[in-house]
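It should be emphasised that the depicted structure is a prediction, and the values quoted were computed from it without experimental measurement. Naming convention: chains lettered A, B, ... in sequence-line order (proteins, then strands); numbering from 1 in each chain. Atoms considered below: every heavy atom in the structure, side chains included; atoms not considered: hydrogens, waters and symmetry mates.
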Amino acid sequence: MVGARLLRPAAQLLRSSTPSAALPRSTLQSHFAAPAATASRWRRSYATPAGSKEMTVRDALNEAMAEEMEKNPKVFVLGEEVAQYNGAYKVTKGLLDRFGDKRVIDSPITESGFCGLTVGAALAGLHPICEFMTFNFAMQAIDQIINSAAKTHYMSGGIQPCNITFRGPNGFAAGVAAQHSQDYSAWYGSIPGLKVVAPYSSEDAKGLLKAAIRDPNPVVVLENELLYGLSFPMSQEAQSDDFVLPFGKAKIERQGKDLTIVTLSRCVGQCLVAADQLKQKYGVEAEVINLRSIKPLDVEAIVKSVKKTGHMMAVESGFPSFGVGAELLALTAEYAFDYLEAPPVRVTGAEVPTPYAQKLEEMSFPTEGLIANYAAKLLRV
Amino acid sequence: MASRLGLRRLEIAAKSILHPTAVRWQPSPCIRCQRRWQSISQKIGSDRVHFPGAVNSQFTTQLAFTRPADLPGMPTYRILDQEGRIVDQAHAPPDIETKELLRMYRDMVFVSIMDIIMFDAQRQGRVSFYMVSAGEEGIAVGSASALSPNDPIFAQYRETGIFQYRGFTPADFMAQLFATKDDPGRGRNMPVHYGSAKLRIHTISSPLATQIPQASGAGYAVKMQNLRNPTDEQRVVACYFGEGAASEGDFHAALNIAATRACPVVFICRNNGFAISTPTLEQYRGDGIASRGVGYGIDTIRVDGNDILAVREVTRQARELALQDNGRPVLIEAMSYRVSHHSTSDDSFAYRAKVEVEDWKRRDNPITRLRKYLQGKGLWDDEREAALRSDARKEILEAYRKAEREKHPPLRAMMEDVYEEMTEEQVGQLEKMRGLVERYEGEYDVSRYEEGIAGLRLKEVKR
């Protein structure tokens with residue numbers, strides 16, 4: 001019996017996986033070692049103009065799930081409204097028709113219940129995708145995510161992997177007030193045992209979700225409702241059903257020499273616009289780094305960039321205290337302090353329960369103008 | 001005495017009662033086990049179970065599983081049939097004053113008309129969101145009519161009728177929906193998240209089912225107050241939720257603790273057949289929500305939610321029951337059909353046939369049923385119907401137009417209430433903001449806000 005449990009293929013996979021996947025991120029060295037190791041397992045794809053096509057983030061997520069379900073019979077989707085209704089935000093559209101009701105399952109309204117169920121299925125060897133209608137509702141189930149999914153592998157002495165993907169929209173949407181408008185990046189990002197990613201573009205969405213489903217660890221995929229309908233180019237590589245993105249590798253969305261802007265999710269797009277404004281107004285070249293992965297975090301990319309630019313700004317839409325921005329600044333101070341020419345700054349959501357009023361809501365989160373202004377102030381231009 | 005206090009004070013009072021005893025005496029679980037074992041021990045030759053976990057179960061040598069499918073479904077109580085006639089004259093309900101009957105009818109019609117107007121208003125982009133309660137007006141209005149106006153209520157979001165019955169005016173509804181200066185929630189909530197300390201209805205909260213354990217807690221507080229002030233009006237707590245919410249863990253925790261702590265709470269489940277798109281068949285496999293009440297040792301009844309007289313009578317008796325023996329919970333499962341879409345964000349014809357909905361609307365509906373009853377008694381006719389509908393429409397539209405033009409809460413309100421008192425940083429920000437608006441006069445239009453620029457000044461005494 002014990003032998004059978006030890007010989008579980010998923011446990012094997014977990015043990016033989018890359019250092020970044022298997023080791024806790026205790027030292028920076030282990031982290032810096034990661035890229036070389038990940039390269040052997042996941043080849044990084046670059047976009048080529050030829051054969052690229054437009055795709056919405058929603059379709060990219062849908063394609064990622066469909067491909068992984070096609071490839072691996074252990075993968076299934078469970079959540080509220082995912083089957084017959086095609087998902088509250090239509091991300092699971094068509095999956096029921098394609099894979100049937102054994103693999104695309106509508107849940108009763110019980111977040112802690114269905115989340116626990118998927119965690120149990122993962123502990124028993126399946127590879128569930130647990131969809132939350134939004135991560136706001138996942139608070140009902142956070143005990144299952146953190147105390148069970150994230151810790152069981154460790155606490156079982158490594159014999160009990162939990163290959164599960166938690167996904168759903170995260171962050172604020174539009175006009176849905178305080179209880180529906182929160183960013184959980186920092187919450188999940190602080191938990192050892194979890195991997196956390198936040199896709200921005202369609203390529204991110206597809207590559208990261210596929211990687212999350214394949215990864216033997218519990219992975220939290222923090223999507224963004226406001227990005228679902230946006231279209232992005234998909235390179236030919238990204239259109240392939242083998243396209244995965246490595247965790248712990250940020251993407252430089254825009255090259256620059258004067259300022260490093262580190263950001264994630266929807267804020268990436270805003271930072272790109274802000275970077276263009278900076279270029280136009282002040283002739284400043286900002287480098288925009290799309291984190292893609294919150295845990296593990298690509299410190300190397302940040303340090304490299306700060307070495308080049310000497311200025312660091314973190315942009316995110318969570319609350320300011322103890323947030324992703326705080327972590328980014330702390331890491332910069334720890335590992336790149338000597339290269340900084342000015343105090344680093346962070347642009348975050350405001351420290352208020354998200355207001356319902358549209359204008360106040362707009363003011364509660366970073367805007368392109370605000371980002372550009374802070375950048376200009378930081379650079380004293 | 002206690003009944004005259006506002007909700008906030010009520011909570012504080014409850015705390016001060018509960019605290020001293022609650023913390024001081026902490027037996028280890030072990031001691032409690034021993035006590036039970038001593039008092040209930042297995043006697044030799046007994047034909048019954050005397051295990052601590054089941055004290056009145058007979059031994060049997062027949063190995064038989066209890067199969068829910070073999071048990072009859074719990075019956076559904078009704079007074080009126082679909083034609084508005086009293087089904088069983090021998091068990092006719094107690095007389096209800098004509099005035100009260102007409103009030104209930106008026107309230108249902110009012111809510112249904114407001115729903116249509118506001119649903120359209122959302123489609124026109126005038127409000128961001130709305131939820132209607134079509135088909136379920138009878139449950140809200142009928143139950144509210146049987147509660148004391150002083151009973152605290154925890155509602156979900158499809159019980160506009162209780163607000164209407166308790167005295168929310170068209171202006172009150174519109175103030176919330178359009179976030180005007182008169183909104184007690186100060187424009188911080190999504191539309192339909194009403195709340196009123198005056199009417200003793202806790203503010204609606206978006207996350208599902210969280211109100212159910214809170215109602216058990218409030219029930220415990222009310223129980224303490226009832227015991228402490230036996231000459232005051234004895235109160236219960238009413239708690240509303242849908243059959244979908246009853247799948248959340250909160251529901252189970254709430255019913256169990258209400259039963260074990262004997263809290264005077266009337267739990268009212270609106271079983272409307274759908275939780276957004278999920279039909280009841282996918283929501284549960286037992287005999288509705290009612291069977292669960294029995295499992296928790298709670299007195300339970302199922303009622304036809306389209307029969308407002310039945311809902312009223314059931315709630316009246318449930319309230320009496322809840323006050324017996326110093327308090328106990330009661331569960332009511334009111335059956336209905338969600339004629340409406342889940343919310344303005346939903347198109348229910350993606351998962352159910354339009355004809356099914358039309359069928360329900362035509363065949364059975366709490367409003368038409370009561371109307372037929374009233375007509376049968378000669379209390380209602382087409383003329384009055386037309387007058388009521390046009391008056392209600394006029395009243396709502398008037399309040400609607402007024403609210404649209406009404407000022408929003410003072411600008412200071414965007415800072416207040418995050419904490420009981422504003423933090424130093426907030427005060428600083430408020431002053432800075434005022435300085436900015438004053439300095440660049442004409443740049444910021446503050447005329448839409450109550451008090452204008454003065455709204456950015458700290459109030460000496462907080463409301």
Rounded to the nearest 0.5 Å, what separation is found between the CG atom of B/Asp287 and the CZ atom of B/Arg292? 10.5 Å

With a 4.5 angstrom heavy-atom cut-off, is it the side chain or the backbone of A/Gln358 that approaches chain B, or both, or neither? neither

Is chain A contacted by the side chain of B/Asp346, its backbone, both, or neither, given a heavy-atom distance below 4.5 Å? both

State which residues pass ring pair (Phe, Tyr, Trp, His ring centres under 6.0 Å) with B/Phe349; sequence neighbours excluded, sorted by chain then number. B/His341

Please indicate whether B/Gln124 has more than 12 foreign heavy atoms, meaning atoms of other residues, nucleotides or ligands, lying under 6.0 Å from its CD. yes

For B/Asn271 against B/Tyr284, the heavy-atom pair lying closest together: ND2-OH, 2.8 Å

Kindly indicate whether the side chain of B/Met190, heavy atoms from C-beta on, has any atom under 4.5 Å from the side chain of B/Met131. no

Comparing B/Pro191, B/Ala350, B/Ala245, B/Gly249 against chain A, the one with the most heavy-atom pairs below 4.5 Å turns out to be B/Pro191

Distance under 6.0 Å and angle within 45° of the ring axis: does A/Lys90 meet both against A/Tyr85? yes

Using only non-hydrogen atoms and a strict under-4.5 angstrom cutoff, which residues of residues 175-191 of chain A touch chain B? A/Gly175, A/Val176, A/Ala177, A/Gln179, A/His180

Contact class of B/Ser205 relative to chain A, heavy atoms under 4.5 angstrom: both

NZ/NE/NH1/NH2 to OD/OE distance under 4.0 Å, B/Arg457 and B/Glu438: yes

Would you please test B/Phe241 and B/Phe154 for ring-ring contact (aromatic ring centres under 6.0 Å, His included) and show each step? CA-CA 9 Å; B/Phe241 51 91; B/Phe154 287 80; over 10 Å; no

Looking only at A/Glu351, A/Met139, A/Glu80, A/Glu111, the option with the highest number of non-hydrogen pairs under 4.5 Å against chain B is A/Glu111

Do B/Ser343 and B/Tyr157 have side-chain N/O donor and acceptor atoms under 3.5 Å apart? no

Between A/Asn62 and A/Lys93, the two heavy atoms sitting closest are ND2-O, 2.8 Å

Can you tell me if A/Lys377 and A/Asn373 form a side-chain donor-acceptor pair at under 3.5 Å? no

Listed by number, the residues in residues 97-110 of chain A that come under 4.5 Å of chain B (heavy atom to heavy atom) are A/Asp106, A/Ser107, A/Pro108, A/Ile109, A/Thr110

Quick check: under 4.5 Å, non-hydrogen atoms only, which of residues 128-135 of chain A neighbour chain B? A/Met133

dist B/Glu406:CD -> B/Lys181:NZ (nearest 0.5 Å) comes out at 4.0 Å

Between B/Ser277 and A/Gln84, is the side chain to side chain donor-acceptor pair (under 3.5 Å) condition met? List the steps. CA-CA 8 Å; B/Ser277 80; A/Gln84 210 190 343; 5.6 Å; no

If you measure from the Lys or Arg side-chain nitrogens to the Asp or Glu carboxylate oxygens, is any gap between B/Glu159 and B/Arg270 under 4.0 Å? yes

B/Glu248 vs A/Phe137 side-chain heavy atoms within contact, under 4.5 Å: no

